[in-house]
Each structure stands twice: as structure tokens, then as C-alpha cells.
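Below is one structure, written out as C-alpha cells; the observations come after it.
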2 protein chains.
Amino acid sequence: MDTKPPAFDVMSPECPSRLILQRMGDKWTPLVFLALQSGPRRFSQVRSDIGGVTPKVLTQTLRALERDGLLTRTIYPEVPPRVEYELTDVGATLLGPFDVIRDWAQTHAAQILESRDSFDGRTEHR
Amino acid sequence: MDTKPPAFDVMSPECPSRLILQRMGDKWTPLVFLALQSGPRRFSQVRSDIGGVTPKVLTQTLRALERDGLLTRTIYPEVPPRVEYELTDVGATLLGPFDVIRDWAQTHAAQILESRDSFDGRTEHR
DNA sequence: TCATATGGTTACCTCATGGATACCAAGCCG
DNA sequence: CGGCTTGGTATCCATGAGGTAACCATATGA
């Protein structure tokens, strides 16, 4: 059995949608996508775009996204070296889902924050 | 359109969209939503729907979602006690974004898995 | 009296992850 | 020679997420 197309078992930890969700939910992934959405950027550009990310963690994030084919890493063998990261076509299609989340958040953020305050108030004197 | 609400600073760790993404990317949140999408369920029902989740972690997940106003927790003071969880209206609106992710995953899962295999092959002999 | 059922809580442990810091390689240039 | 650049690694450590197992409160009913 080589391919078992759709019909995901969403209850399984193997389900691709879980994989995607966890990628998107990663602390730095959305910021990398944001930094790259307008075109290729160099490592240190992305790093300063984002701010607060250590090189190790940024490398980890970029490698994971490269591995999944969501961005490309191009080394220009110059001196000093230049490395550019760029969203692939597949990676770019994830910008849509990101927008959906952003829209949802924009619409409901106030309710959620209010709910948190209210909940904390209620649970203090339990 | 007429209102330009907060205009989120997406680069900030405080940005609500980050908060939402991390909720959705949580290991058990999607499964809880799936379990509750057709109506209220009891604690032990959700637990066995999901499978593999320990009561502690399920409680943590449910509390976090309750705190954010995405679901309600109703205690029926019977003996033995009965507790039902149900998506709120706000919570139900998140099913849409979840579908978007699921659709994206369904469309691109094969490419991603293939990219992973290929990448692993290439990096083995570095 | 004691088991049973529900819906948890609590203490404890482990291991992966994130982060801070320091360091490196290559080559040009002064 | 030695310093400058970029794009990372190497190393260590603290944190915390998540899991295991034990326990609890309550009332019913055998």
C-alpha cells in the first residue's frame, strides 16, 4: 500500500492536520511567514525582523519549515556567505489559513480576553 | 470595514492571533473540538472519544478552553455527579478555521510528507 | 459495612524544548 | 598578521509540558 489518499483519522496523532496545526502554532513560525511573505530574506534580516529569537531557535524553525517544503534555503557561496530564505509555492498557500486565523482573532479577541478576566474573577473565591 | 479595530502588531508575543494559534496547535484542543462539535458531552465521554488522554491533561485543556469562553462546563448536582461540556457560540465559530486547516492539510499532506522523506535522504550524507 | 460510580485533584517524575552564551570557518582587506 | 563579516554550531542549563499513579468526596445500594 503506497498511498492512502484522504479520509484522515483526525483522532490519530498521525493525522496531517495535527502536524500542520502544531507547525502553525509554533512560537516562531507565524513570524517567519510574516517576515518572508513579501519576498526572500537573509538569515540576519529575518532574525532582526522578528526580534528576540536566538539564532539556534531560528535555525531550528527554518530547518523544520525547509524540511516540510514550505520554504527554500539558498546558499550563495560568496564571502562573507549569503543565505536567503524564501517561501515556496506550497508555503505561500499557507498564508491564506494564517489570514483566516488572524481574522478570527481580530473578530473575537475582545470576547476572549473579557472571558478570561471574568473567569479569573469568578475562580478567585472558589 | 468601517472600524479598524486594533490593527494587531503581529510581531508581538501579545498578539491575539498568536494566542489563538497556540490554542489551536495544542495537542488535545482539536480533538476536544471534534468531540464536542455535535453537541454536549460528558467528561468521560470526551475522554474515551479522544483516547490516550489522561484525566489531568484533559482537565487542563478543558479549563483553558472554558476560561477563554470557547466552551461551557455545566455541573449537574446528581449522584454520582454529571458534568457536561459544550461549545459556546464563540467556540463553534472556530470550527470554520479548523476546517480551513483540515482542508489545507488534505490538499498538501502528500507534498509535505514527500518533502520530508526527500529532505531526510539528502541530509543523511552531509 | 463496604464496594461502586463519576469527575476530578494531587504529588511526583521525566524528558524535550527554549534560551543564553561562546565559539567557529572562510576569505578579503588593511 | 589580525580583524571584520555572515551564518550558523556547540554546550550547558532552566523551565515546563505531559505522563503515571494514587487519592478523594459523595451517595446509593447490596
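The structure displayed is predicted, hence computed values, not measured ones. Here is the naming used below: chain letters follow the sequence lines, and residue numbers restart at 1 for every chain.
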Return the value, rounded to whole Å, for the distance between atom CZ of Arg82(A) and atom P of dA26(C). 20 Å
Under 4.0 angstrom between Arg41(A) side-chain N/O and dG7(D) OP1 or OP2: no
Classify Tyr85(A) by what it touches in the nucleic acid, base, sugar-phosphate, or nothing, heavy-atom distance under 4.0 Å. sugar-phosphate
Nucleotide dG16(D), atom P - distance to CD of Gln22(B) in whole Å: 14 Å
With the side chain counted from C-beta on, respond yes when Arg116(B) and Leu19(A) share a heavy-atom pair under 4.5 Å apart, and no when they do not. yes
If you compare every side-chain N and O of Arg73(A) against the phosphate oxygens of dG8(D) (OP1, OP2), does one of them come in below 4.0 Å? yes
If hydrophobic clusters are built from ILVMFWY residues whose side chains come within less than 4.5 Å, do Leu95(B) and Ile20(A) share one? yes
Return whichever of Val79(A) or Thr59(A) has its heavy-atom-nearest nucleotide of DNA chain D closer to the 5' end. Val79(A)
Reckon Ser44(B) has a side-chain N or O less than 4.0 Å from the OP1 or OP2 of dT6(C)? no
Distance, rounded to the nearest Å, where Leu58(A) contributes CG and dA20(C) contributes C1': 15 Å
Rounded to whole Å, please give me the gap between CZ in Phe43(B) and C1' in dT9(C). 11 Å
Given Arg102(B) and Asp99(B), is the salt bridge (Lys or Arg N to Asp or Glu O under 4.0 Å) satisfied, shown in steps? CA-CA 5 Å; Arg102(B) 204 169 33 72; Asp99(B) 278 346; 2.6 Å; yes
Restricting to non-hydrogen atoms, name the atom on Ala35(B) and the atom on Val46(B) that form the minimum distance, rounded to 0.1 Å. CB-CG1, 4.4 Å
Of Gln60(B) and Thr54(A), the one whose closest DNA chain C nucleotide lies more 5': Gln60(B)
Any side-chain N or O of Trp28(B) below 4.0 angstrom from OP1/OP2 of dA17(D)? no
Residues Val90(B) and Trp104(A): closest non-hydrogen pair is O-CZ2, 3.8 Å
Quickly work out the Lys27(A) NZ to dG19(C) C1' distance and round it to whole Å. 9 Å
When the distance from CD of Glu78(A) to C1' of dC4(D) is rounded to whole Å, what number comes out? 16 Å
Separation of dT17(C) P from Arg23(A) CZ (nearest whole Å): 11 Å
Regarding dG19(D), can its base be found pairing with the side chain of Lys56(B) as donor and acceptor, where the two atoms are less than 3.5 Å apart? yes
Per atom distances to the Arg42(A) side chain, the nearest of dG8(C), dG7(D), dG18(C) is dG7(D)
Starting at the 5' end of DNA chain D, which residue's closest nucleotide do you reach first, Pro55(B) or Gly52(B)? Gly52(B)
Please state how far atom CZ in Arg47(B) lies from atom P in dG18(D), giving the value in whole angstrom units. 16 Å
